[in-house]
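Before any comments, here is the structure.
Any value given below was found using the heavy atoms of this structure, including those in side chains, with hydrogens, waters and symmetry copies removed.
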Amino acid sequence: MLTFGCTTEPQATRADVTGVWESQSGGRMEFHDNGRFTATNIALNTECSKEDDAFQHKRTSGTGIWKLTEVPDEGPGTRIVFDAKTRSVRNCLMWSVFTGKNPLSEMQLRHQYGEPERYRRTTPTPSR
């Protein structure tokens, strides 16, 4: 019997996503339960930067909204949209992909250009 479109990826809930995630490069993402996020010192590809010299501004901080979604061919994740007042980021598609066994313990922060940055959860997953 053949099946198509089935996945063995873990399913994510808002509780799996909310909390603090940190990278070894000093990046920090905090996903709030209300659909907001706070980013501190996260990787920013030069194509996503509004700065005149994008190569001097490879990291950024800011706030915005996130939405739980399934990333095609990759599993559970979030779509990330920075607030307009985050001056250093141009309109650039960004998302995260969550991996690891339940609870999801690792995240890759991605954008349409460049390599992902890996993050690990630094706050425990809330009890369900």
Side-chain angles (χ1 to χ4, degrees):
M1 177 176 175
L2 295 174
T3 58
F4 296 95
C6 295
T7 180
T8 59
E9 297 292 328
Q11 299 298 308
T13 66
R14 290 181 78 79
D16 291 322
V17 176
T18 57
V20 177
W21 301 76
E22 294 181 343
S23 76
Q24 290 184 342
S25 301
R28 184 176 193 271
M29 288 289 296
E30 183 170 1
F31 293 94
H32 306 283
D33 189 53
N34 65 359
R36 303 280 306 158
F37 73 84
T38 304
T40 307
N41 195 38
I42 65 167
L44 182 66
N45 184 277
T46 56
E47 297 293 329
C48 297
S49 177
K50 284 184 179 177
E51 302 297 332
D52 291 337
D53 187 354
F55 289 100
Q56 296 297 316
H57 300 90
K58 292 183 180 180
R59 304 193 75 80
T60 195
S61 299
T63 59
I65 59 172
W66 66 272
K67 181 179 179 183
L68 193 61
T69 187
E70 288 289 318
V71 180
D73 299 324
E74 297 191 48
T78 62
R79 181 177 174 94
I80 298 168
V81 179
F82 277 87
D83 291 333
K85 67 181 179 182
T86 304
R87 293 184 180 99
S88 63
V89 181
R90 79 174 73 229
N91 187 10
C92 183
L93 178 61
M94 295 184 77
W95 68 96
S96 63
V97 177
F98 296 93
T99 59
K101 300 298 178 192
N102 287 332
L104 304 176
S105 58
E106 188 171 299
M107 171 184 80
Q108 293 183 22
L109 183 62
R110 300 177 176 221
H111 31 75
Q112 62 200 100
Y113 310 100
E115 294 297 316
E117 184 172 28
R118 294 185 183 276
Y119 287 72
R120 290 207 166 264
R121 181 184 288 284
T122 59
T123 58
T125 302
S127 300
R128 293 185 194 194

>> Applying side-chain contact (heavy atoms from CB on, under 4.5 Å) to Thr122 and Trp21, what does each step give before you reach the verdict?
In response: CA-CA 6 Å; Thr122 59; Trp21 301 76; over 6 Å; no
>> Let's go through Met29 and Ile80 carefully: what are the C-alpha distance in whole Å and the side-chain angles of both, what is the deciding distance for side-chain contact (heavy atoms from CB on, under 4.5 Å) to 0.1 Å, and is it a yes or a no?
In response: CA-CA 11 Å; Met29 288 289 296; Ile80 298 168; 4.1 Å; yes
>> Do Tyr119 and Leu68 land in one hydrophobic cluster if side-chain heavy atoms of ILVMFWY residues count as linked below 4.5 Å?
In response: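 Same cluster.
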Please report the interatomic distance [atom1]([X]) to [atom2]([Y]), rounded to the nearest 0.5 Å.
X     : Y     : atom1 : atom2 : value
His32 : Thr18 : NE2   : OG1   : 10.0 Å
Glu22 : Thr40 : CD    : OG1   : 9.0 Å
Thr38 : Trp66 : OG1   : CH2   : 12.5 Å

>> Please evaluate residues Arg28 and Val20 with respect to the criterion side-chain contact (heavy atoms from CB on, under 4.5 Å), reporting the C-alpha separation (whole Å), side-chain torsions for both, the decisive distance (0.1 Å), and the verdict.
In response: CA-CA 7 Å; Arg28 184 176 193 271; Val20 177; 3.4 Å; yes
> Under the side-chain contact (heavy atoms from CB on, under 4.5 Å) criterion, do Arg36 and Ile65 qualify, and how do the steps go?
Replying inline: CA-CA 4 Å; Arg36 303 280 306 158; Ile65 59 172; 3.3 Å; yes
>> Please verify the inter-ring angle class for Phe31 with Phe37; under 30° counts as parallel, over 60° as perpendicular, anything in between as tilted.
In response: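 Rings of Phe31 and Phe37: tilted, 30 to 60°.
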> For Arg118, which residues count as a salt bridge (Lys or Arg N to Asp or Glu O under 4.0 Å) partner, sequence neighbours excluded?
Replying inline: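 Expected list: Glu106.
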Could you tell me which non-hydrogen atom of [X] sits nearest to which non-hydrogen atom of [Y], and how far apart they are?
X      : Y     : value
Arg14  : Gly35 : NH2-N, 3.1 Å
Asn41  : Ser61 : N-OG, 2.9 Å
Glu117 : Ser23 : OE2-OG, 3.0 Å

> Is it the case that Thr78 and Ser96 place a side-chain donor and acceptor less than 3.5 Å from each other?
Replying inline: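 There is such a pair (donor and acceptor under 3.5 Å, judged by atom type) between the side chains of Thr78 and Ser96.
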